Structures are given as structure tokens and as C-alpha cells.
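So the structure is just underneath, and the comments pick up after that.
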Amino acid sequence: MSHCRRNSARGKVIDPYVKLLLDAMKHSGCAVNKERHFSCEDCNGNVSGGFDASVSQIVLCQNNICNQAHMNRVVTHELIHAFDHCRAHVDWFTNVRHLACSEVRAANLSGDCSLLNEILRLHFGLKQHHQTCVRDRAIRSILAVRNISKEVAQKAVDEVFESCFNDHEPFGRIPHNKTYARYAHRDFQNRDRYYSNI
């Protein structure tokens, strides 16, 4: 088993973000098969991963993922895209606003913009910093996969930002760290119990 496969398997077992997303996918009728839906490959540039909607597969760029924490963030980010694909039937290829919404959600919910990650990137700021990070990372992600101008990407993000930033499904909240993600996972598991008692 390759280092990439081993690390992605470890994340699926222990990372609370990944565990919640896998449960949510299954609950939504889109169960994830580790062998079928994940692929470890060498990638060009500095891309860490991607979601290939045409085959419903997450690509993990083994040559650009440097450690287990990075692997977990990439898997989480791409699983958010897979979740969106499952629940919302996203038009990835012709509607840039759909792509922008999923990128906003992935940057917001995956831990990409956690305080620790931003400090490690030497990006500091207090007022509205999380929102600024989410917006910037969503635009960068769109530009990495679409041959469009930065202005078009910014416009798409601006148009969907408020509604997509506030869509926290399946977490129910922004999971700022693993503790919040564990609470979100526990709450997700208890949703059915609560609704069955109404």
C-alpha cells in the first residue's frame, strides 16, 4: 500500500471532519467506496487534490501532500465537493457560480482557513479574517480549475458568498478545529434520533 493510500485510509478512520462527511455522504445515498472513489496520483504544479465530478472520484496529489494533517485537510476539502455533488447536483462544468459556491463551502468548512493554518502561512488579521481567507482561497481554487479571468472568478464568488458561506451542512456549524468537528459529528449522528421523536 502506498504512503498516500495509507495516510488517506488513516484519515478516514480517525479524522472527525472526514468521519462526519463520510457518514453524511452515506446518509444522503452516496456511500463512498475507498477503492473506487479515491485515487492517489502525481499532479502538476502545486495542486494538492481535486474532485473529478465526471467519475465521482477524489484525486489526492501524492507528490504535493506533505504530511497527515495536510492529507486530512485535502480529503475533507474534496469530500465537501463530493457531498455538494451528491446533494445539490452541481453543474461543475458550465455554471461558475455553482463551482464558486462549493469552493466557498470547502474553504469555510474544511479547516483551510483555520487560525493555525493562516498563522503558518504568515497571514494575520482579526476583523473578518476568516471570511477574507475563505473568499481568497475560493477564488484561487476556481482559477486552478477554470480558464477564466480573476475578475470573473471574483464576481462569481461575490454573487454566492453570503448564502454559501452560511451553508454549514453537514456540519451544522463552522468546525474551527477538531474538537468542534467532533461535536458536529456527534450532533449529526443524533439528528435522526431527535427527528424520530417528534
Side-chain angles (χ1 to χ4, degrees), residues 8 11 15-18 20-21 43-53 58-85 87-88 90-93 95-178 180-181 184:
S8 70
D15 187 83
Y17 293 86
V18 173
L20 187 151
L21 285 159
C43 302
N44 296 328
N46 60 359
V47 176
S48 298
F51 175 67
D52 184 346
I58 291 171
V59 176
L60 302 169
C61 298
Q62 60 193 7
N63 57 318
N64 294 331
I65 296 175
C66 50
N67 57 43
Q68 185 66 52
H70 187 196
M71 172 68 76
N72 294 347
R73 269 193 323 278
V74 172
V75 170
T76 299
H77 182 107
E78 302 309 333
L79 275 172
I80 291 168
H81 293 319
F83 178 76
D84 288 348
H85 184 70
R87 75 170 182 149
V90 178
D91 181 359
W92 300 101
F93 305 107
N95 191 330
V96 71
R97 294 176 75 224
H98 284 196
L99 174 61
C101 185
S102 192
E103 291 298 352
V104 165
R105 284 178 32 74
N108 188 27
L109 300 172
S110 68
D112 286 349
C113 290
S114 72
L115 182 60
L116 177 60
N117 285 333
E118 284 295 273
I119 289 170
L120 292 173
R121 292 181 193 117
L122 302 177
H123 294 162
F124 300 13
L126 294 175
K127 191 171 183 176
Q128 302 289 308
H129 185 77
H130 183 76
Q131 289 89 332
T132 301
C133 174
V134 168
R135 188 180 304 275
D136 292 347
R137 293 190 70 77
I139 291 166
R140 284 188 19 211
S141 291
I142 293 167
L143 292 173
V145 298
R146 283 287 186 82
N147 186 20
I148 59 175
S149 70
K150 186 173 184 179
E151 292 73 26
V152 170
Q154 286 172 325
K155 183 176 186 285
V157 168
D158 288 344
E159 288 173 353
V160 302
F161 190 81
E162 187 173 340
S163 63
C164 299
F165 183 83
N166 290 308
D167 178 359
H168 302 149
E169 283 304 310
F171 293 92
R173 63 174 67 92
I174 299 173
H176 290 289
N177 58 43
K178 284 187 178 185
Y180 285 114

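These figures come from a predicted structure and were not determined experimentally.
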Without swapping roles, check the side chain of [X] against the backbone of [Y] for a donor-acceptor pair under 3.5 Å.
| X | Y | value |
| --- | --- | --- |
| His98 | Asp91 | yes |
| Arg135 | Phe161 | no |
| Asn108 | Phe165 | yes |
| Asn166 | Glu162 | yes |
| Tyr180 | Arg173 | no |

Going by atom types only, do Gln68 and Asn72 share a side-chain donor-acceptor pair under 3.5 Å? yes
Does [X] reach the side chain of [Y], with side-chain heavy atoms less than 4.5 Å apart?
| X | Y | result |
| --- | --- | --- |
| Asp84 | Ile80 | yes |
| Ile174 | His130 | yes |
| Ile58 | Val75 | no |
| Phe51 | Leu79 | no |

Which of Val134, Ile142, Ile139 passes side-chain contact (heavy atoms from CB on, under 4.5 Å) with Glu103? It is Ile142
Quickly, which of Leu60, Asn64, Ile65 forms a side-chain contact (heavy atoms from CB on, under 4.5 Å) with Cys43? Name it, please. Asn64
So which atom in [X] and which in [Y] form the shortest heavy-atom distance, rounded to 0.1 Å?
| X | Y | value |
| --- | --- | --- |
| Cys164 | Arg105 | O-CG, 3.4 Å |
| His176 | Tyr17 | C-OH, 3.8 Å |
| Gly111 | Arg73 | O-CD, 3.8 Å |
| Ser110 | Thr76 | CA-CG2, 3.6 Å |
| Cys61 | Gly49 | SG-N, 3.7 Å |
| Leu109 | Pro175 | O-CG, 3.4 Å |

May I ask you to check whether His81 and His85 place their ring centres under 6.0 Å from each other? no
To the nearest 0.5 Å, tell me how far [X] [atom1] sits from [Y] [atom2].
| X | Y | atom1 | atom2 | answer |
| --- | --- | --- | --- | --- |
| Arg146 | Trp92 | CZ | CH2 | 10.0 Å |
| His70 | Ser48 | NE2 | OG | 3.0 Å |
| Glu78 | Ser102 | CD | OG | 9.0 Å |

Hey, is Lys155 close enough to Glu159 for a salt bridge, meaning N to O under 4.0 Å? yes
